[in-house]
Amino acid sequence: MTDFWKRYQRNRGAVIGLIILLAVVLVAVLAPVLFPQSPWKMVQRPFLPPFAMERFPLGTDTLGRNVLAGLAHGAQVSLLVGLISTLVSLVIGIPIGALAGYFGGWVDDALMRFTEFFQTVPNFALAIVLVAIFEPSVQSIVGAIAIVSWPPVARLVRGEVLSLRSREYVEAAILSGQTNATIIWRQILPNTLSPIIVLASLMVATAILLESSLSFLGLGDPNLMSWGYMIGAARTVIRQAWWLSFFPGLAIVLTVLALNLIGEGLNDALNPRLSRKGK
Amino acid sequence: MLKKLSLLAATFIVATGTALADPVSGGRANAVIQPEPPSLMLGLVQNGPTQMVAGNLYESLLRYGPDLEPLPQLAKSWEISEDGLTYTFHLYDNVKWHDGKPFSAEDVVFSADVFLRETHPRLRQSLKYVESITAPDANTVVFKLNEPFGPFIGIFEVGTMPMIPKHIYEGTDYKANPANNTPIGTGPFKFVEWTKGSHILLTKNEDYYIDGLPYLDEIYWHIIPDAASRSVAFETGVVDILPGGSVENFDVPRLTAMENTCVTDKGWEFIGPLSWMWLNNREGPTADKRFRQAVMYAMDREFAKDALWNGLGKVAQSPVSSSTRFFSDDVSQYPYDPDKARALLEEMGYDGTPVRLLPLPYGETWQRWAEAIKQNLEEVGVKVEIVATDVAGWNQKISDWDYDLAFTYLYQYGDPALGVARTYVSSNIAKGSPWNNVEGYENAKVDELFAKAATAVSKEERQALYTEVQQILTDDVPVAWLLELGFPTIYRCNVKDLVTTAIGVNDGFRDAYIEK
């Protein structure tokens, strides 16, 4: 573990990313304490510019709602959606990839053609269609993001399993009479974990971006304050009130950047042999 | 006394102001039309954008002033018999269609009795009261009714009864007639060309029957599908007239702050758009009258007017819009009073059952409005879930009565019998339409009052009946009235007399002129 941390902290960017992410998580966790009132509450006159009033450092929006409260509560939504949809897509992608890689043959063919079917449809377009069909709600958004994001997981796991499949310890396990399920679960998957973790951290970032894009288009959960919603609602007034789209935009950029930096750091830390020379 | 004097002085200045400004001929009006109309044949299609353009091409017998009093159009004078059963119109005698053929009373009979009876569902409802339409001579038309119908004098508006040329349409398949693409009317402007996706060009009718009118040489309607681009087109001087509803409300303050820019919310008195929330009277908490009254008290409608509608429009006091005939403010009033709302909810024993709120999917303003109302309601303890939906889904859910609260707005057409009764009479409860008595309100007394008021002859009698019905409705709160919507028409201040009637921009640019 200390080894891991040593290798991780060698990547300066990754450490900064981690700090930013921790800060965002902290804000999300503390949001109900810092801003106990609903972020939808109209608290001041509309279009109050930032820094004009101490109580509302980031100003108010088109209806006089506190932008800072919206950002804090939005952090909850963005992180939660990012995390859960990534978990769901892992749950779909890992078994498909593992089965395809382990059994090969027609199972592999069938599963991979199925995966490719999803890969050929543009991600975002499919997500829009799914959310529109099932009516925008936090469940349908998480579901849609998961459904469009699992194919890369499946392909990655398949590749890893394919290469591990012919290792001696796997053949030994087969000879010792272990069942296929045990071999996949106990022998192979633990060894594919590090690339999956790296991929997952990047997927959380993508999921946050997807959720924001959906909300921006008005396909967000109408009962939840999210960053994408804030930007979408501010779009029409961008010339009168720059701060309404700027701050949530900044929040998205920072969070996504942090997750990408962390992903890179994890990659260096988990695959020491792959880590770039000279660092 | 002083006050009176200054008021007098003010009137004097206004009066001389208008008298001094002499209309000048010439120039082109550049206006925006949004969305692009499906057709310009007003006899077949009566939606907003069609009428906005075609109101210049077609005319009816009358127009209506801001107080909805009838004014001459094709009819220079008219009489109504004592018993309210015979309406006689005397037409201008030198009127020509755009193709040069003379217009006569026969065209009126054909339009009302034959053509529009087949193509115009809203007019057909009013024509049920008509026994015969005859033309005793070329310049006289007589409508005989089988029973008195109060709003009848209000149906001679260009969108309700446009005059259709008999010599072109008689005996043809109306919808397939090739003339639909080159509309022929009697209006002050003639059709020149329509390039789809780009523009519609109209030119002055030199043979117009009133000497000197119209003043403008041309009207150029720009078709610009994107809302932001429409605002920019006004800012850069490409267009000079933005009719109501053509830019987002949030852009209005920026545009009206520009130099030489005027704004008016007049010109909607005739259709009187009134917004409200349907409240499902059948089931759930909204079935309880006290809950519905609590909703009225909980809403901060002044705030919505100022924050979302730039202060334009009016807070609705009654189911009848204040610009519609027979409006009464002698009704139960619902100022913003959250405490009263909480008390009512407590009295009924509201148990916190969440209610679903359906916003109107017509853009940002309506979405924000739903969020504001949700917040208003949550502050008095009502749990609200906003249901996101598109136009098709909204229509479907309202028609199937699958909602608790739902935004909408409807037109009133100047008279409660035409545009108000349909929302509250129990005979109008039927699944499948989002425009009828969707809330499921049933009250025999209200049915009876509306029926009586429609066929009462004297104005005083009708007023008394409508006042009573408004009192009952504002006490029962079958729906939650929001605002009398004010759609701003934005234009350069040197465009004069653009909106002169209750039908506004939709009534054509007959009297408009551009000051040099």
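Just so it is clear: chains get the letters A, B, ... in the order the sequence lines come, proteins before strands, and each one is counted from 1.
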**Prompt:** Heavy-atom distance under 4.5 Å to chain A: side chain of B/A372, backbone, both or neither?
**Reply:** both

**Request:** Kindly say whether B/I386 contributes a backbone atom to a donor-acceptor pair with the side chain of A/N223 at under 3.5 angstrom?
**Result:** yes

**Neighbour count above 12 (heavy atom, 6.0 Å) for A/R55 CZ** = no

**Request:** Could you pull out all residues at least two apart from A/R65 that satisfy salt bridge (Lys or Arg N to Asp or Glu O under 4.0 Å)?
**Result:** A/D61, B/E371

**Prompt:** Is it true that B/K397 and A/E135 have a side-chain N and a carboxylate O under 4.0 angstrom from each other?
**Reply:** yes

**Message:** With a 4.5 angstrom heavy-atom cut-off, is it the side chain or the backbone of B/E364 that approaches chain A, or both, or neither?
**Reply:** side chain

**Fill in**
With sequence neighbours left out, the residues meeting side-chain hydrogen bond (donor to acceptor under 3.5 Å, both in side chains) with A/S78 are none

**Prompt:** Excluding sequence neighbours, so at least two apart, what forms salt bridge (Lys or Arg N to Asp or Glu O under 4.0 Å) with B/K305?
**Reply:** B/E302

**Request:** Against chain A, label B/E379 side chain, backbone, both or neither, depending on which of its atoms sit under 4.5 Å from a heavy atom there.
**Result:** side chain

**Request:** Heavy atoms only: give me the nearest A/L63-B/R368 pair and the separation to one decimal.
**Result:** CD1-O, 3.3 Å

**Asked** How long is the gap from CZ on B/R254 to CZ on A/R239, to the nearest 0.5 Å?
**Response** 3.5 Å

**Asked** Among B/E385, B/Q367, B/E248, who wins on heavy-atom pairs under 4.5 Å with chain A?
**Response** B/E385

**Prompt:** Is atom CD of B/E235 surrounded by more than 12 heavy atoms (other residues, nucleotides or ligands) closer than 6.0 Å?
**Reply:** yes

**Request:** Name the member of A/L219, A/V237, A/D221, A/T62 that forms the most heavy-atom pairs with chain B at distances under 4.5 Å.
**Result:** A/T62

**Request:** Considering only heavy atoms, give the residues of residues 30-43 of chain A separated from chain B by less than 4.5 Å, sorted numerically, with 'none' for an empty result.
**Result:** A/S38, A/W40, A/K41, A/M42

**Request:** Can you establish whether the number of heavy atoms outside A/F134 located under 6.0 Å from its atom CZ is more than 12?
**Result:** no

**Request:** For residues A/P46 and B/F303, determine if any side-chain heavy atom of one lies less than 4.5 Å from a side-chain heavy atom of the other.
**Result:** yes

